[in-house]
Protein chains: 2
Amino acid sequence: MKKLAVVAFGGNALLRGDQKGTIDEQEANAYDTCLKLSYLVKKDYNLVITHGNGPQVGNILLQNVAGAKMFGIPEMPLDICGAYSQGFIGYILEQQMRNVLEERGLDRDVITIVTEVLVDKDDPAFKKPTKPIGPYYTKEETDAIIKETGFVFQEDPRGRGFRRIVASPVPYKIANRHSISKLARDGQIVIAVGGGGIPVHYTRPNQLKGIESVIDKDLASSLLAVQIQADEFMILTDVPKVYVNFRKPNEKALDMVSVDEAKFYLKEGQFTDGSMAPKVRACIQFVELSGKEAIITEVSRLGKEGSGTRFVLS
Amino acid sequence: MKKLAVVAFGGNALLRGDQKGTIDEQEANAYDTCLKLSYLVKKDYNLVITHGNGPQVGNILLQNVAGAKMFGIPEMPLDICGAYSQGFIGYILEQQMRNVLEERGLDRDVITIVTEVLVDKDDPAFKKPTKPIGPYYTKEETDAIIKETGFVFQEDPRGRGFRRIVASPVPYKIANRHSISKLARDGQIVIAVGGGGIPVHYTRPNQLKGIESVIDKDLASSLLAVQIQADEFMILTDVPKVYVNFRKPNEKALDMVSVDEAKFYLKEGQFTDGSMAPKVRACIQFVELSGKEAIITEVSRLGKEGSGTRFVLS
């Protein structure tokens, strides 16, 4: 039996901070990422790939704002912008993965699933939005938008203006999880849960509706890994390992941590909030609920002996 | 054994000409369409749903133009805009289909596949672009864009300016056709080949690349129906039947036509080019290649006795 792995990486693996985000740049980055992921295909893993969408959905939100201003095109809510980004990123990843597989003589099909993820309307996160999204606005623009929509805004500490913030609710069920599992175990490389999935909730009993929020992509990916009984959960980053006392004289790279140790370090504030902390939390969730191991590792060192930080039950 | 049907409908079923295209409008239209499609689920069909994206991708192209002008966001090529639209439309259709099924007590899962469709770079269509897309430009804007990109433009006969035209190549292979078939035969309602699919071709041997063009959605849907050995192919429209001598004193509704009759009427110019002619061609393709029947029918009369125009081999 082949092992089934869920591998998550960030949207910035496809659109780096120093890039404008042309399609050529993003395709080249997608190719590089897929080349590294092909190591797992060679190792005969069954594979589900999940990805972030931060920089891409940021651009899509701006395109929406501009389209409304210049041409009067109705602005789409956040769930639709997320759906745009799933189609876009899924497509370029699928295409570059097909190209890499072909070059390497690896005979696998690739499939992209648009993925809805269920969240709870009563999640306390909706009372306390934390996740900044979209463009910066002036005070006047912000006031006008608030009046019209009731959106919540936050002033940028670096003085770039005001930015909308939305809730980041906890995902509890991945739609299509059974199909994702089946397709992946059938040998297909499945691309799913893009950008943490499109957040939906039940309004009238059993009527689904999109809800303006952003699900943490690592947490959604970890949940998927649990719900499809994956054998391994991997998060790819741009640092070789997880560190404590990061960038201090007593900095220490972690080779292996237990769930209890990881929780202790989290409480100590060892991991940055928008970056390593959610990754560590996602790994803890997978290890606790599945009893199996999770790993955070640098994409370029994927599968290399001794690379990354392994999370174990105890 | 359940029958497998491929059902195609236009993007204007979700965004009507008299609408602005707010998300509420499009969701309500998606719900209505899914309600009508649920008749086929009740009749115990296995189902693949395909859809157009004309009005939606038109808006997405405008959002791209506006995003570039206002915020300097790199404009995405047509294949990426198509991928945006597949994510978007697939998501709202999937969601509303889930809602309809739940209300009606129909126990089926729904899945959306981002779909690439292969075309041939040497297709003569690329020498003679015919399909207008995106916004209207002034003569000056047009000249500047042509200089920068080499795009082909056409003056609007109604004086609205200049509009880009792209090729409409013949599709020859649907990516993921095996998975689409498997999922549908497994009872899933599969949404695929949105907007005729994302057109891709081989550049270097066996390296896939998007290509700026628009595949006719009826033709791509018919090809999918052939390639997954569907039992029936249906195209939904807003007229009850196909007519000859349409809106003339000798107008005649067609109940059943053979492939030869249909070809004869096509040659006579009985069917309008951007509307009924491609639908008839798609039906001819399905009937000729599969030996089975195709039907063009009004969405609201779906499955009603004696409704629609049936296409038969002879």
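Sequence lines set the chain letters: A, B, ... in the order given, protein chains first and strands last, and positions in each chain run from 1.
Proximity to chain B involves both the backbone and the side chain of A/Leu62, based on heavy atoms less than 4.5 angstrom apart. When heavy atoms are compared at a cutoff of 4.5 Å, A/Leu183 approaches chain B solely by way of its side chain, counted from C-beta outward. Heavy atoms closer than 4.5 Å to chain B are found in the side chain of A/Val200, but not in its backbone. Heavy atoms closer than 4.5 Å to chain A are found in both the backbone and the side chain of B/Leu208. With a 4.5 angstrom heavy-atom cutoff, A/Lys69 touches chain B only via side-chain atoms. Contact of B/Ile111 with chain A is made through backbone and side chain together, with heavy-atom distances under 4.5 Å. Residue B/Asp186 touches chain A through its side chain alone, counting heavy-atom pairs closer than 4.5 Å. For B/Ile191, no part lies near chain A; criterion is any non-hydrogen pair under 4.5 Å. Of the two parts of B/Lys182, only the side chain, counted from C-beta on, holds a non-hydrogen atom closer than 4.5 Å to a non-hydrogen atom of chain A. Contact annotation for B/Gln26: only side-chain heavy atoms (C-beta onward) come within less than 4.5 Å of a heavy atom of chain A.
Ranking A/Phe71, A/Phe88, A/Tyr91 against chain B, the residue ahead of the rest is A/Tyr91, based on heavy-atom pairs under 4.5 Å. Interface remark: of the candidates B/Ala68, B/Gly90, B/Pro77, B/Cys81, B/Pro77 forms the most heavy-atom pairs closer than 4.5 Å to chain A. Looking only at heavy-atom pairs under 4.5 Å with chain B, the residue among A/Met76, A/Gln86, A/Glu27, A/His178 that has the most is A/Met76.
Note on ring orientation: taking the six-membered ring where Trp is involved, the planes of A/His51 and A/Phe9 are tilted (angle from 30° to 60°).
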